[in-house]
Amino acid sequence: MNRMLAGCLMAAMCAMPAIASAAKPAPKTLARGELPAGFAIGTASPSLALQVEVVDGKVSASAPAGDGPGNLRAARSGDAIQTTLMVSSTLPVSIKFELYVSTDGETFTYTSSCGVTPGISSFEMWERPVTHFAMGNPRVLPAGRMACD
């Protein structure tokens with residue numbers, strides 16, 4: 001689970017793992033082969049990308065961008081202590097997506113993520129090394145609503 005961090009740069013959204021509590025369900029963990037179809041999976045170095053099509057204010061199609069640039073992109077940075085994922089979008093609408101993280105590339109755990117507003121990057125952070133990501137299921141956020149879940 002992630003919680004908002006104070007002091008984020010230039011209105012960018014940041015998230016940090018929160019300590020699990022008894023009231024919160026355990027994170028959903030999936031083997032690599034159990035990840036839903038259509039998810040971009042990789043190290044996000046140099047980047048991980050989806051090509052998302054929006055029609056009439058809704059996502060009409062989404063697929064991993066492969067070697068293409070994609071219009072929803074994530075790039076990893078960090079070291080042995082902390083990992084940062086910068087997510088950006090060239091879409092004209094705010095987008096929310098599902099994000100899974102992995103330290104071994106085989107077992108992925110769902111983590112909260114913030115929606116991405118056009119022209120503003122979202123920053124997700126973990127106080128541990130994260131080596132692989134799975135990003136998918138994009139959806140358009142209603143105007144004026146920014147979700148971090």
Side-chain angles (χ1 to χ4, degrees), residues 1-6 8-18 20 24-78 82-126 128-149:
M1 301 281 171
N2 291 338
R3 68 183 191 311
M4 296 303 295
L5 278 178
C8 292
L9 300 173
M10 304 290 289
M13 303 304 275
C14 293
M16 189 95 176
K24 303 269 183 184
K28 183 177 181 181
T29 300
L30 300 172
R32 184 183 190 105
E34 296 173 323
L35 289 164
F39 271 62
I41 304 167
T43 63
S45 181
S47 68
L48 183 65
L50 290 172
Q51 183 63 38
V52 181
E53 303 301 325
V54 176
V55 176
D56 295 328
K58 294 183 181 177
V59 171
S60 62
S62 170
D67 291 334
N71 51 17
L72 180 61
R73 293 181 297 279
R76 177 178 59 87
S77 62
Q82 184 181 63
T83 304
T84 301
L85 188 69
M86 182 183 75
V87 185
S88 61
S89 169
T90 58
L91 292 162
V93 295
S94 295
I95 294 288
K96 179 72 175 94
F97 55 94
E98 290 180 12
L99 182 64
Y100 288 80
V101 296
S102 174
T103 58
D104 64 6
E106 295 301 321
T107 302
F108 288 79
T109 302
Y110 178 83
T111 186
S112 62
S113 60
C114 293
V116 181
T117 302
I120 300 175
S121 295
S122 173
F123 293 87
E124 308 291 340
M125 302 170 100
W126 299 268
R128 66 180 192 273
V130 176
T131 60
H132 290 77
F133 301 88
M135 180 173 66
N137 191 25
R139 54 217 175 264
V140 174
L141 283 171
R145 183 173 184 282
M146 184 51 57
C148 292
D149 53 10

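The backbone N or O of V52 sits less than 3.5 Å from a side-chain atom of N71, completing a donor-acceptor pair. Between the side chain of R76 and the backbone N or O of T83 there is no donor-acceptor pair closer than 3.5 Å. Checked by atom type and distance alone, the side chain of E98 never pairs as donor or acceptor with a backbone atom of Y110 at under 3.5 Å. No donor-acceptor distance shorter than 3.5 angstrom exists from the side chain of S47 to the backbone of A74, with no hydrogens or angles considered. Judged purely by atom type and a 3.5 angstrom limit, K96 uses its side chain to pair as donor or acceptor with the backbone of S113.
With contacts defined as side-chain heavy-atom distances shorter than 4.5 Å, the pair P118/S94 qualifies. With contacts defined as side-chain heavy-atom distances shorter than 4.5 Å, the pair M135/P64 does not qualify. Using a 4.5 Å cut-off on side-chain heavy atoms (C-beta onward), I95 and V140 make contact. The closest side-chain heavy-atom distance from F97 to V116 is below 4.5 Å. For the pair K28 and Y100, the minimum side-chain heavy-atom distance is below 4.5 Å.
Taking the six-membered ring for Trp and thresholds of 30 and 60 degrees, F133 and W126 have ring planes inclined between 30 and 60 degrees apart.
The distance from atom CG of L91 to atom CD of Q51, rounded to the nearest 0.5 Å, is 8.0 Å. Rounded to the nearest 0.5 angstrom, S45 OG and H132 NE2 are separated by 10.5 Å. Between N137 atom CG and L50 atom CG the span is 10.0 Å, to the nearest 0.5 Å. Atom-to-atom distance recorded for S89:OG and R73:CZ is 7.5 Å, nearest 0.5 angstrom. Considering OG1 of T111 and CG of D149, their distance stands at 11.0 Å, rounded to 0.5 Å. Atom-to-atom distance recorded for L85:CG and S77:OG is 8.5 Å, nearest 0.5 angstrom.
Between the side chains of T107 and S102, not a single donor N or O lies within less than 3.5 Å of an accepting N or O.
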